[in-house]
K.L.:
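Before anything else, here's the structure in question.
Because only heavy atoms are used, hydrogens play no part in the values below, and waters and symmetry mates are left out as well, while side chains stay in. Read the numbers this way: they start at 1 and go in the same order the structure lists the ligands and their atoms. Please read these numbers as outputs of a predicted model, since none were measured by experiment.
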Amino acid sequence: MFKIRNYINGELLPPLSNSYIDNYEPARGEVYSLIPRSSSEDLKLAIDAAKEAFPKWAATSKEVRSDFMRKISERIDERLEELAKAESKDNGKPLSLAMKVDIPRASKNFNFFSSAIKHFESESHFMEEGVLNYTLRSPIGIAACISPWNLPLYLFSWKIAPAIAAGNCVIAKPSEITPMTAYLLSEICQEVGLPKGVLNILHGYGHEIGKEMVAHDDISIISFTGGTKTGEDIASIAAPKFKKLSLELGGKNASMIFSDCNYEKMLKTTLRSVFANQGQICLCTSRLLVQRDIYEKFKADFVKGVKGLKVGDPNDPNTDQGAVVSEQHFKKVLSYIDLAQQEGGTVLCGGKAKDLSSEGKNGWFIEPTVIEGLDHSCRTNQEEIFGPVVTIQPFDKEEEALELANSTKYGLASVVWTENLSRAQRLATSLHSGICWINCWLVRDLRTPFGGVKQSGVGREGGFEVLKFFTEPKNVCIQFDR
Ligand code: NAD
């Protein structure tokens with residue numbers, strides 16, 4: 001069976017303990033490769049490599065760093081099909097999605113920061129009394145980048161690219177549930193000749209090697225994307241050590257649909273915003289709030305659309321929805337569908353595992369599910385499910401929709417569907433979310449700040465925000481004779 005290796009000091013290495021974790025293919029429910037179960041000895045090698053590389057990499061010109069980013073991006077483009085197949089097999093997502101979204105975006109992440117680092121500027125503040133302040137921004141040191149399984153290479157590269165572009169060295173850990181494209185990225189770094197130790201990739205369990213990375217005294221900056229509970233655990237270790245921390249966490253996103261919206265566009269986009277990637281995108285809509293005068297029409301049209309989604313073989317180009325990522329997650333999502341019914345909800349469509357014949361019969365497929373009749377305060381409407389499940393709730397007035405949308409502990413993304421510009425602007429201002437889409441969803445400009453409020457996270461990624469995060473500002477104040 002194929003054994004993934006760690007990437008340390010420019011080399012592909014087995015874990016020193018020689019211990020491995022099973023890696024499953026979700027569409028078949030079978031183990032197909034093995035993942036290093038890294039330990040503190042592997043971390044020590046990676047830390048030593050990063051420490052040695054850091055002074056030289058930090059002193060390397062932006063042009064040279066930018067050039068490496070661009071070469072990595074180009075190599076990802078060249079290996080697009082291979083990477084997309086690996087991502088789909090590892091995660092269960094449709095191959096067509098990995099080809100169109102995941103891998104092209106990973107390439108764009110490197111390409112974007114290859115350019116952004118050359119345009120990144122620092123501030124100066126002039127005082128009339130003959131004083132000039134200017135801000136020096138320096139790389140910080142060794143950064144830990146820890147990412148989840150839902151958009152594996154997409155989110156892994158979204159952290160690594162700015163960290164390295166800014167002159168830091170990185171120890172990165174992909175999710176142990178989807179490690180394969182991170183491994184292929186190690187190969188790409190070798191192919192482009194990225195200097196040894198600049199990027200080190202360790203595989204393994206979050207509560208083992210992930211936790212060790214977070215606690216390690218030589219790691220002074222942590223960029224984490226994952227669940228809110230994990231974020232809390234990480235913060236509890238990192239905060240007393242005064243580490244710089246960025247946390248991108250869970251969500252329970254609402255979409256507010258007003259009767260004056262562009263109905264056809266809304267319907268088409270909403271199907272995608274709920275079920276793309278089996279509903280396993282932190283930005284996916286999980287609560288649909290629909291104005292009462294179009295509620296019944298929307299319900300009928302939406303359910304019809306959902307019933308038309310094809311669930312099955314991720315390699316079939318006509319598949320809309322593949323498998324969810326793991327058996328554990330499959331059981332979790334199904335348990336929430338049960339809970340919704342215990343809480344009084346009515347399942348309008350879906351509601352159970354999808355039975356597939358032949359190859360996919362042991363895979364973790366779930367029918368896209370729509371539930372109505374639940375109060376906003378119940379667990380189904382408050383807790384993150386992170387699967388192909390959505391609830392619909394009616395509302396009468398704008399204020400009521402706003403109250404419902406803001407009623408959870410999360411605050412990542414929101415969507416507003418209305419042709420009323422003033423209303424859209426009022427809501428954009430009042431919604432508790434770090435991202436608000438008006439009449440669209442998942443339209444992304446990589447220059448914009450990305451992140452959540454409340455328990456959806458702390459800090460912002462994207463554009464110059466993340467380059468600020470990955471650098472340390474120092475104010476230099478000069479008084480001159482007039
Ligand atoms: P998770 O928190 O279980 O794991 C995320 C990563 O953290 C993995 O690499 C894991 O190995 C590691 N990890 C786990 N415990 C750790 C610990 N104690 N110390 C250090 N590292 C540890 O999350 P997941 O199940 O992989 O991903 C799903 C979650 O991610 C959802 O809640 C989703 O909303 C969230 N997410 C958020 C965003 C965002 O941008 N806000 C984007 C994607 C996913």
K.L.:
Please could you name the atoms of ligand 1 that T230 approaches to less than 4.0 Å, counting only its heavy atoms?
P.N.:
1 (P), 2 (O), 3 (O), 13 (N), 14 (C), 15 (N), 16 (C), 17 (C), 22 (C)
K.L.:
Can you list the atoms of ligand 1 that are under 4.0 Å from a heavy atom of N150?
P.N.:
43 (C), 44 (C)
K.L.:
Test F464 against every option in F112, F470, F120 by the ring-ring contact (aromatic ring centres under 6.0 Å, His included) rule and name the one that passes.
P.N.:
F120
K.L.:
Would you mind checking if E191 and R79 are paired as a salt bridge, meaning a charged N to carboxylate O distance below 4.0 Å?
P.N.:
yes
K.L.:
If you count the atoms of ligand 1 from 1 in the order shown, which ones are under 4.0 Å from a heavy atom of E384?
P.N.:
31 (C), 32 (O), 33 (C), 34 (O)
K.L.:
Between W57 and F68, what is the ring plane arrangement, given parallel below 30°, perpendicular above 60°, and tilted in between?
P.N.:
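Rings of W57 and F68: tilted, 30 to 60°.
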K.L.:
Which ligand 1 atoms, with their elements, are less than 4.0 angstrom from a heavy-atom of G227?
P.N.:
1 (P), 2 (O), 23 (O), 29 (C), 30 (O), 32 (O)
K.L.:
Considering the heavy atoms of P174, write down every atom of ligand 1 situated less than 4.0 Å from one of them.
P.N.:
9 (O)
K.L.:
Would you please classify the geometry between the W158 ring and the F450 ring as parallel, tilted or perpendicular, with 30° and 60° separating the classes?
P.N.:
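Rings of F450 and W158: perpendicular, over 60°.
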K.L.:
Under 4.0 angstrom from atom 4 (O) of ligand 1, is there any protein heavy atom?
P.N.:
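Given the 4.0 Å limit, the answer for atom 4 (O) of ligand 1 is no, no protein heavy atom qualifies.
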K.L.:
Ignoring hydrogens, just give me the one of G231, C282, A182, G251 whose non-hydrogen atom is nearest atom 42 (C) of ligand 1.
P.N.:
C282
K.L.:
Checking the N or O distance criterion of under 3.5 Å, is ligand 1 in contact with T228?
P.N.:
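No, no N or O pair falls under 3.5 Å.
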K.L.:
With only distance considered, is T225 within less than 3.5 Å of ligand 1 through an N or O on each side?
P.N.:
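Not met; the criterion fails.
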K.L.:
Quick one: does S147 get a heavy atom under 4.0 Å from ligand 1?
P.N.:
yes
K.L.:
With the threshold set at under 4.0 angstrom, would you say G452 reaches ligand 1 through any of its heavy atoms?
P.N.:
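No; G452 lies far enough from ligand 1 that no heavy-atom distance drops under 4.0 Å.
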K.L.:
Looking only at the side chains, is there a donor atom on one of T225 and K159 sitting less than 3.5 Å from an acceptor on the other?
P.N.:
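Yes.
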K.L.:
Scan side-chain atoms only and decide if E383 and Y336 contain a donor-acceptor pair under the 3.5 Å cut-off.
P.N.:
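Yes - a donor-acceptor pair under 3.5 Å links their side chains.
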K.L.:
Which atoms of ligand 1 have any heavy atom of F450 under 4.0 Å away?
P.N.:
40 (O)
K.L.:
Counting non-hydrogen protein atoms only, what is the nearest one to atom 28 (C) of ligand 1? Give residue, atom name and distance.
P.N.:
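For atom 28 (C) of ligand 1, the nearest protein heavy atom is F386 CE2, 3.8 Å.
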K.L.:
Output the list of atoms in ligand 1 that are nearer than 4.0 Å to some heavy atom of L155, sorted by atom number.
P.N.:
42 (C), 43 (C)
K.L.:
Does the side chain of N150 pick up a donor-acceptor pair with the side chain of N277 at under 3.5 Å?
P.N.:
no
K.L.:
Does R379 pair with E343 as a salt bridge, N-O distance under 4.0 Å?
P.N.:
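Salt bridge absent between R379 and E343.
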K.L.:
Under a 4.0 angstrom heavy-atom cut-off, which atoms of ligand 1 come close to W149?
P.N.:
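In order of numbering, the contacting atoms are 24 (P), 25 (O), 26 (O), 27 (O).
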K.L.:
Mind checking whether I281 contacts ligand 1 via backbone (N, CA, C, O), side chain (CB onward), both or neither, at a 4.0 Å heavy-atom cut-off?
P.N.:
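Neither; nothing of I281 gets under 4.0 Å from ligand 1.
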K.L.:
Check the surroundings of atom OH in Y154: do more than 12 heavy atoms from other residues, nucleotides or ligands lie under 6.0 Å from it?
P.N.:
yes
K.L.:
Looking only at side-chain N and O atoms, does D77 offer a donor or acceptor that is under 3.5 Å from a partner on S107?
P.N.:
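S107 vs D77: donor-acceptor pair found between side chains.
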K.L.:
Any nitrogen or oxygen of L412 lying under 3.5 Å from a nitrogen or oxygen in ligand 1? Just yes or no.
P.N.:
no
K.L.:
Would you please test C284 and W441 for side chain to side chain contact (heavy atoms under 4.5 Å, CB included) and show each step?
P.N.:
CA-CA 9 Å; C284 273; W441 177 74; 4.2 Å; yes
K.L.:
Please work out which of A238, G226, G250 has its closest non-hydrogen atom nearest to atom 35 (C) of ligand 1.
P.N.:
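Nearest heavy atom to atom 35 (C) of ligand 1 lies in G226.
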